**Q** 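Before we start, here is the structure in question, set down as structure tokens.
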Amino acid sequence: MLPLDECSSPHVAMAQRDHVRLDWREPHQALERVRSRRWTCACRATVYELCEGGGQAFIRRTLQLETGHQIHETHRWSIAEARVTWTELLSGRAR
């Protein structure tokens with residue numbers, strides 16, 4: 001694991017006691033072209049990505065396990081709503 005000062009992507013803050021619980025679902029291919037616009041550092045076991053495409057956005061959560069990866073996604077929002085939720089996730093106000 002890299003020291004925090006050597007990581008180039010942000011880290012997610014600890015979940016706050018009153019954080020919003022996101023609804024994590026199995027991934028589905030509703031959007032043809034999706035781009036990861038932002039992501040958290042891969043030095044942690046859980047990596048989050050803000051994905052956008054076709055005027056919609058969602059957050060992808062990847063758990064990096066010894067046995068492989070588990071991927072879940074939120075529902076689709078408008079890009080503006082997803083960016084607000086992304087900020088809440090990074091600050092610990094959503095998980």
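Quick caveat, the model's predicted, so the values are computed rather than measured. No hydrogens, no waters, no symmetry mates; every other heavy atom, side chains included, goes into these values.
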**Q** Search all heavy atoms of W39 against all heavy atoms of P10 and return the closest pair with its distance.
**A**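 The pair with the smallest heavy-atom distance is O-CD, 3.4 Å.
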**Q** In Å, rounded to the nearest 0.5 Å, how long is the span from CZ of R38 to CG of L89?
**A**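 The CG atom of L89 is 12.5 Å from CZ of R38, to the nearest 0.5 Å.
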**Q** Enter the distance from I79:CD1 to W86:CH2 here, rounded to the nearest 0.5 Å.
**A**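 Between atom CD1 of I79 and atom CH2 of W86 there are 14.5 Å.
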**Q** If you compare all heavy atoms of A57 against all heavy atoms of S78, which two are closest, and at what distance to 0.1 Å?
**A**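 In terms of heavy atoms, the two residues are closest at CB-O, 4.4 Å.
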**Q** So, taking the atom named CG in L65 and the one named CD in Q70, what distance separates them when rounded to the nearest 0.5 Å?
**A**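 Spacing of CG (L65) from CD (Q70) equals 5.0 Å.
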**Q** Between R60 and E73 (salt bridge meaning N to carboxylate O under 4.0 Å), is one present in this structure?
**A**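 Counted as a salt bridge, because a side-chain N and a carboxylate O are separated by less than 4.0 Å.
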**Q** Between T85 and F58, is there a side-chain heavy-atom distance shorter than 4.5 Å?
**A**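 A side-chain contact is absent here, since even the closest heavy-atom pair is not under 4.5 Å.
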**Q** How far apart are the closest heavy atoms of C41 and H11, and which atoms are they?
**A**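 Heavy atoms only, the tightest pair is CB-NE2, 3.5 Å.
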**Q** With no hydrogens and no angle check, is any side-chain donor or acceptor of W24 less than 3.5 Å from a backbone partner on I71?
**A**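 The answer is no, because no donor-acceptor pair under 3.5 Å joins these two groups.
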**Q** Using the salt bridge (charged side-chain N to carboxylate O under 4.0 Å, His left out) definition, which of the options R76, R35, R83 pairs with E52?
**A**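 Of R76, R35, R83, salt bridge (charged side-chain N to carboxylate O under 4.0 Å, His left out) with E52 is met by R83 alone.
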**Q** Can you give me the closest heavy-atom contact between H72 and E26, atom names plus distance?
**A**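 Residues H72 and E26, closest heavy atoms: NE2-OE2, 3.4 Å.
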**Q** Among R21, E88, H19, Q16, find the residue that satisfies the side chain to side chain contact (heavy atoms under 4.5 Å, CB included) test when tested with R95.
**A**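 Exactly one candidate clears the test, H19.
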**Q** So how far is it from T46 OG1 to L63 CG, rounded to the nearest 0.5 Å?
**A**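 Here the interatomic distance stands at 4.5 Å.
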**Q** Determine whether L90 and I59 fall in the same hydrophobic cluster, where Ile, Leu, Val, Met, Phe, Trp and Tyr are linked whenever their side-chain heavy atoms lie under 4.5 Å apart.
**A**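 Yes; tracing contacts between hydrophobic side chains, which count when under 4.5 Å, links both residues.
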**Q** If two hydrophobic side chains count as joined below 4.5 Å and joins carry through other members, does L22 share a cluster with V12?
**A**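 Yes: a chain of side-chain contacts under 4.5 Å links L22 to V12.
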**Q** In Å and rounded to the nearest 0.5 Å, what is the CD to OG distance from E49 to S9?
**A**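 One finds 10.5 Å between CD of E49 and OG of S9.
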